[in-house]
Amino acid sequence: FQGWGCRAAAAGLGSRLCTLNVGGRRFSFPVELMKRLPLSRLSRLHSCLSESELMELCDDYDRDRNEFFFDRHSDAFSFIMLYVQHGKLRFVPHMCELSFYNEMLYWGLESSDLQLCCQRRLDQRMSDCFVHFFPEEEPQGPEEPRSRWLERMRRTFEEPTSSLAAQILASVSVLFVVISIVMLFASTLPSWKAIGVPDLKCRIIEAVCIGWFTAECLVRFLVSRDKCEYVLRPLNIIDLLAIMPYYISVTMTMLTGENSQLQRAGVALRALRMMRIFWVIKLARHFLGLQTLGLTLRRCYREMVMLLVFICVAMAIFSALAQLLEHGLDLETGNQDYASIPAACWWVVISMTTVGYGDMYPVTVAGRVLGGVCVVSGIVLLALPITFIYHSFVQCYHELKVLSARNCRPILTSETEDGEASTDHHAGCTGEPPEASLPYTK
């Protein structure tokens with residue numbers, strides 16, 4: 001080892017063995033073997049440069065006996081060491097899958113390290129209990145006053161439930177979004193100009209809303225931890241798409257004039273102004289339901305693709321049969337609504353989704369029988385992936401709800417964090433991890 005922990009190990013027992021005391025059970029390893037262990041927590045011991053860094057990875061250390069203490073589950077660590085020796089990791093019998101997965105995360109393993117049968121058991125358990133594992137936060141040293149101020153500002157703008165100021169700021173932002181959307185909808189009414197609403201007032205209201213959104217985005221960008229990550233976030237991209245059309249339309253108006261004869265510029269201006277509808281998506285930043293919908297769609301894209309494949313296959317089959325039965329058998333007196341297969345595809349879509357606009361319908365007996373089969377097939381095919389999407393939606397809702405509750409915790413000062421760390425360190429070492437340290441929540 002090159003660090004403090006290795007120098008202590010080299011100065012320890014003559015056999016150059018490192019002893020791990022996990023939940024009261026001792027495990028001895030050669031120093032060189034500790035470097036090659038696939039457990040990240042143990043392999044990081046050799047890079048510690050001080051005793052304080054070493055104590056961030058273990059719960060206690062006896063320098064005289066070169067013994068590291070960990071208040072974790074000893075049986076779970078025994079099975080993890082069997083995985084290190086033989087390359088196969090399975091659950092401990094009569095132990096909760098979630099508790100064992102908690103131990104895996106602590107030592108630096110992932111669910112992909114489990115055998116396939118155990119992975120399925122873990123996925124089923126997490127799905128049944130609506131459990132989401134969050135990564136353990138790395139212990140941080142004392143923060144500077146400026147860093148704490150930036151962190152408070154970031155949480156105020158990014159986490160609406162973190163404080164009273166954040167809730168007030170979120171309410172004001174939602175109010176501006178509602179005002180801008182109402183103005184957009186009202187400006188398309190035929191009676192809007194008949195009422196005599198001055199166009200100047202509408203422009204002022206629009207400018208104030210855009211100014212608020214611009215200032216909000218700039219502050220979020222300035223206080224963000226990672227500027228590149230901030231730019232690549234979907235909600236921030238949507239904010240940019242909602243703001244930029246206004247500045248582009250103002251620039252084009254200044255260059256071409258409001259009453260310009262360049263019709264292309266006029267069409268472009270109307271299209272850019274209509275892009276303000278993206279402001280509605282800004283509400284997802286403040287409402288848990290919209291965030292759940294977006295996360296569900298992102299996770300269930302395979303099920304959505306499967307649903308589209310079902311519809312396309314059924315549409316190809318039923319549209320070809322409908323065109324043949326309604327028009328193809330009698331080209332002169334056949335139903336002209338089904339003159340082509342693409343035209344029949346529209347009828348298949350509205351029939352499978354049980355919408356039935358009534359703009360086109362079969363008139364022959366065979367065509368009506370086919371229509372009934374098409375409707376029943378649509379109900380069955382659309383219902384098959386819905387179960388997976390529903391379970392994913394419920395799980396995403398619980399995960400975001402738990403994450404929102406975690407974000408409500410106040411920012412701790414360095415003195416408070418040190419006090420909590422010492423309290424956790426003196427927790428009872430009974431072989432079971434303390435409840436407060438579990439990185440998952442029901």
Item to check | R41 (side chain) donor-acceptor with Y106 (main chain) under 3.5 angstrom | outcome: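 Yes.
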
Checklist entry - Is NZ or CZ of R121 both nearer than 6.0 Å to the six-membered ring centre of F91 and within 45° of the ring axis? => result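 Geometry flag: not set, cation outside 6.0 Å or 45°.
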
Checklist entry - What orientation do Y338 and W347 show, parallel under 30°, tilted 30 to 60°, or perpendicular over 60°? => result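 The rings of Y338 and W347 stand perpendicular, inter-plane angle above 60°.
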
Item to check | Passing candidate, side chain to side chain contact (heavy atoms under 4.5 Å, CB included) with I80, options D113, V22, V92, L109 | outcome: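 Option passing the side chain to side chain contact (heavy atoms under 4.5 Å, CB included) with I80: L109.
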
Checklist entry - Which pair of heavy atoms, one from L114 and one from Q119, lies closest together, and at what distance? => result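 For L114 versus Q119, the nearest heavy atoms are O-NE2, 2.8 Å.
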
Item to check | Test log, rule side-chain contact (heavy atoms from CB on, under 4.5 Å), inputs T296 and Y397 | outcome: CA-CA 9 Å; T296 303; Y397 175 77; over 6 Å; no

Item to check | Results of ring pair (Phe, Tyr, Trp, His ring centres under 6.0 Å) for F77 - residues two or more places apart only | outcome: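 F77 satisfies ring pair (Phe, Tyr, Trp, His ring centres under 6.0 Å) with F27, W107 only.
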
Item to check | Selection residues 360-371 - residue pairs positive for side chain to side chain donor-acceptor pair (under 3.5 Å), sequence neighbours left out | outcome: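 Qualifying pairs: E326-T364.
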
Item to check | Interatomic spacing from CZ in F393 to CD1 in I386 - rounded to 0.5 Å | outcome: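 F393 CZ to I386 CD1: 12.5 Å, rounded to 0.5 Å.
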
Item to check | Interatomic distance, T353 atom OG1 to I379 atom CD1 [nearest 0.5 angstrom] | outcome: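 The distance works out to 10.5 Å.
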
Item to check | Which residues share a salt bridge (charged side-chain N to carboxylate O under 4.0 Å, His left out) with E303, sequence neighbours left out | outcome: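 Salt bridge (charged side-chain N to carboxylate O under 4.0 Å, His left out) check on E303 returns nothing, list empty.
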
Next on the checklist: Side chains of C217 and Y230, heavy atoms from C-beta outward: is any pair under 4.5 Å?
Outcome noted: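 C217 vs Y230: side chains touch.
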
